[in-house]
Amino acid sequence: DGTGIVMLHYRGGGGMPGHPSEENFARDARALYDQLDVLAGQTIPQSHRMLHGFSLGSGVAVRLASERPFAGLALEAAIPRLCMYFQHRYHGVPLCHLMWAERYDSTRRISTITAPMLFVHGAKDLAVPMFWGRQLYDKAQGPKRFVTLPDANHTDTVQHGLIAVMQDFLRNRVD
């Protein structure tokens with residue numbers, strides 16, 4: 001249908017060289033955005049740039065969307081703050097009071113984004129509870145939509161309707 005996809009591979013992950021960190025991921029995301037026209041070999045207007053973030057990547061996406069213009073932002077299994085994930089995983093250890101860096105604090109940034117936003121969450125997601133996605137959704141200001149995939153967990157949203165939801169968002173939010 002003419003839709004192009006560009007994905008960011010995180011440094012230090014999947015055999016890639018470099019040091020993984022919130023700052024490095026943010027720097028890489030900005031560099032990809034800023035060089036997209038060169039990489040695509042054509043001008044990609046801001047009105048056609050959609051951003052997607054999944055899980056930890058939702059923090060990277062929210063940060064980039066708060067720094068650069070986009071036509072829309074889609075967040076899948078979004079985490080308000082990374083420390084919440086670790087606090088949940090380690091049964092209440094107060095990591096949100098202990099993690100000063102590497103916070104991926106989407107809660108603080110989401111209200112500055114004016115582009116339309118789509119939040120998608122699997123109802124059976126045990127890694128990132130759905131109410132976290134709802135918390136972030138509640139903080140978002142602009143046009144927004146929350147979609148629950150009733151049978152999806154953290155890693156199988158594609159099998160439970162994510163593509164159709166994303167296509168609908170793209171059709172109704174771009175141009």
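This structure is a prediction, so every number in the text was calculated from the model and none was measured.
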* To do: Run the numbers on T157 and H160 for side-chain contact (heavy atoms from CB on, under 4.5 Å), then give the verdict.
  => CA-CA 5 Å; T157 55; H160 294 283; 5.8 Å; no

* Asked: Which pairs pass salt bridge (charged side-chain N to carboxylate O under 4.0 Å, His left out) with one or both residues in residues 112-126, sequence neighbours excluded?
  ->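 Listed once each, the pairs are K124-D151.
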
* Asked: What residue pairs, at least two apart or across chains, pass salt bridge (charged side-chain N to carboxylate O under 4.0 Å, His left out) with a residue in residues 64-74?
  ->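 Pairs touching residues 64-74 that pass the test: R30-E67, D34-R68, R63-E67.
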
* Asked: When the ring centroid of F54 is compared with that of H154, is the distance short of 6.0 Å?
  ->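 Yes - the distance between ring centres of F54 and H154 falls below the 6.0 Å cut-off.
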
With heavy-atom distances below 4.5 Å as the criterion, would you say the side chains of [X] and [Y] are in contact?
X    : Y    : value
L75  : V120 : no
Y10  : P20  : no
L8   : F25  : no
L64  : F70  : yes
F119 : L136 : yes
L36  : R49  : yes
M50  : L170 : yes
S106 : I79  : no

Using modelled atom types and a 3.5 Å cut-off, is there a donor and acceptor pairing between side-chain atoms of [X] and backbone atoms of [Y]?
X    : Y    : answer
D37  : I44  : yes
E76  : A74  : no
D156 : N153 : yes
N172 : D168 : yes
Y33  : P69  : yes
K144 : A140 : yes

* Classify the angle between the aromatic ring planes of F146 and H121 as parallel (below 30°), tilted (30 to 60°) or perpendicular (above 60°). =>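 Plane angle under 30°, so parallel.
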
* Asked: Do the numbers put R134 on top of the ring of Y137, so that NZ or CZ is under 6.0 Å from the six-membered ring centre and no more than 45° off the axis?
  ->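 Yes, R134 sits over the ring of Y137.
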
* **L126-V158 co-clustered via ILVMFWY side chain contacts under 4.5 Å** =>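 Cluster IDs for L126 and V158 differ.
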
* Asked: Quick one: CG on L73 to CE on M117, what's the gap to the nearest 0.5 Å?
  ->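 Reported to 0.5 Å precision, the distance equals 6.5 Å.
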
* Pairs touching residues 108-119 that satisfy side-chain hydrogen bond (donor to acceptor under 3.5 Å, both in side chains), sequence neighbours left out ->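 Residue pairs passing side-chain hydrogen bond (donor to acceptor under 3.5 Å, both in side chains), neighbours aside: none found.
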
